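Keep in mind that what you see is a predicted model, and the values were worked out from it rather than measured. We count residues from 1, following the sequence as given.
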Amino acid sequence: LKQASGLGDPKSDIMKAVLRQSKAVPAMALFVLMLIGGRCFTPSGAPRRARSAVTMRATKSDAIGLAAAKLSKAAYPFMTQVDWNDHTFWTVPGSDAISWTKALGKVIDHGASMDSEMVKEGCLVHSNAIKNLGANGVCSEAELTAINAAIGRMIASAPESKTMAVHDAVKALIPPEVPPYLMSKVNENNAKKAYAALIEFTEVVKANPITPSTPQSTLSSSSASSIKEAASKMGKAVYPFMKQVDWTDDLWGKTVPGQAQKTLKAVDKMILMGTQMDSAALKEAALAHVKAIENMDDKGVMTPEDLDAINTGIGKTIASVPHASVMDVYQSMGNLVSNPGIPQYVLGKQDPKAALEAYQSLMEFKDTVRAAQKNERPEEQGFLSADQNIMLISAIIALNVVGTLLVR
């Protein structure tokens, strides 16, 4: 992280240049803290056993927790000045969709290398903060501290090379005018104090590495096999549709305008569902996306084999979570996009015949995933109503679209 900032060594050429232009320090500080502190994303309610395991391992590097508190105290005045409802933070800056997708591949790969329980704990603290957000989108200082500590431990559990890979990939796509523009919207002195604390925090994180654990799947072999077979069958029907979609369209990098708080609440439902997923299946799905991104063509189209691997991974993750969590995602996303007519607009840009064939195949895949979900969670053996069945179908469609967009 210190190396990623490019400003850690006062003797470096970068640092000398910054010292000659004092405004560059707070500008970069603002941009980095917005990336790391973000909107105070994170969820609540992880399994007690998993959380206790994280707590025990976190105590081994409590220096990160102490440093996080110090960072939050210094950064909070800066954080409260940012207009988190500004649509700027939902905008993809600079480069094209394909380049950003490749950068996202590095981000996903970074996350897959982290300790899975610490990632889930990080998600949970983000979710807690989201639930308590006021109209201004600012979390409390205590919540910010929990988020910073969780992010610090997550990064401490990942190889430094993967952290740097994310830095290099994202840095190359950010237009040079972005940091100064963001800096112009806050107090320079507050940004400088936040930046100084951030540098100190990165040094503590680097000095306290955490060895990640290897997640073991709880999904039965029979469920995994059935989902893989169904994903392969669906892939053959879906691929013609996938190929005709224009994945270079900047539409895929946009969010619903004027709905920052509502969008954030929908993201929270996704985060919460992610914390309940089988860690091994989640890692499998993540790495399938990484591989697909590496293999995609210049139009953002993945190979048939990678499509099958992604659908298999997504199917396994959905089968491992409670049905209610899937419904929460469906309902929050449906409420977000239904009024603007987004589904109709997107469908209007596709070949309706290919879309219908893909949908019909998805219905079969949905049945297999739902059967596996019942098999893995005996408490959910009850009969689904027609409305619930439709909601499950729509949720799987949404998750397939999200997964596909990551490899657009």
Taking the side chain as every heavy atom from C-beta outward, state whether K185 and D86 have any pair of such atoms under 4.5 Å apart. yes

Can you pull the salt bridge (Lys or Arg N to Asp or Glu O under 4.0 Å) pairs that have at least one residue in residues 343-352, sequence neighbours excluded? D249-K349

In chain order, what residues pass the side-chain hydrogen bond (donor to acceptor under 3.5 Å, both in side chains) check against D83, with sequence neighbours excluded? none

What residues form a side-chain hydrogen bond (donor to acceptor under 3.5 Å, both in side chains) with S320, not counting sequence neighbours? none

Decide yes or no for V138 and V82: does some side-chain heavy atom of the first lie under 4.5 Å from some side-chain heavy atom of the second? no

Can a salt bridge be assigned to the pair D308 and K228 using a cut-off of 4.0 Å between side-chain N and carboxylate O? no

Could you work out, with side-chain hydrogen bond (donor to acceptor under 3.5 Å, both in side chains) as the rule, every residue matching K233, not counting sequence neighbours? E364

Considering all heavy atoms of both residues, which atom of N190 and which atom of F78 are nearest to each other, and what is their separation? O-CB, 3.9 Å

When you measure from the side chain of N85 to the backbone of A135, do you find a donor-acceptor pair of N or O atoms at a distance under 3.5 Å? yes

For K73, which residues count as a salt bridge (Lys or Arg N to Asp or Glu O under 4.0 Å) partner, sequence neighbours excluded? none

By side-chain contact (heavy atoms from CB on, under 4.5 Å), L347 pairs with (sequence neighbours left out) A355

Pairing donors with acceptors under 3.5 angstrom, does anything connect the side chains of E229 and S226? no

Considering residues at least two apart in sequence or located in another chain, which fulfil the side-chain hydrogen bond (donor to acceptor under 3.5 Å, both in side chains) criterion with T317? none

Test side-chain contact (heavy atoms from CB on, under 4.5 Å) applied to V337 - qualifying residues, sequence neighbours left out: V256, I342, P343

Would you please name every residue forming a salt bridge (Lys or Arg N to Asp or Glu O under 4.0 Å) with K162, sequence neighbours left out? D109

Which residues pass the salt bridge (Lys or Arg N to Asp or Glu O under 4.0 Å) test with E305, sequence neighbours left out? none

Between S225 and S222, is there a donor-acceptor pair closer than 3.5 Å when you use the side chain of the first and the backbone of the second? no

Minimum-distance pair of heavy atoms, taken over all atoms of L182 and F89: CD2-CE2, 4.3 Å

Quick one: salt bridge (Lys or Arg N to Asp or Glu O under 4.0 Å) partners of E357, sequence neighbours excluded? K353

Sequence neighbours excluded, every pair satisfying salt bridge (Lys or Arg N to Asp or Glu O under 4.0 Å) that has a member inside residues 269-291: E284-K316, K291-D306

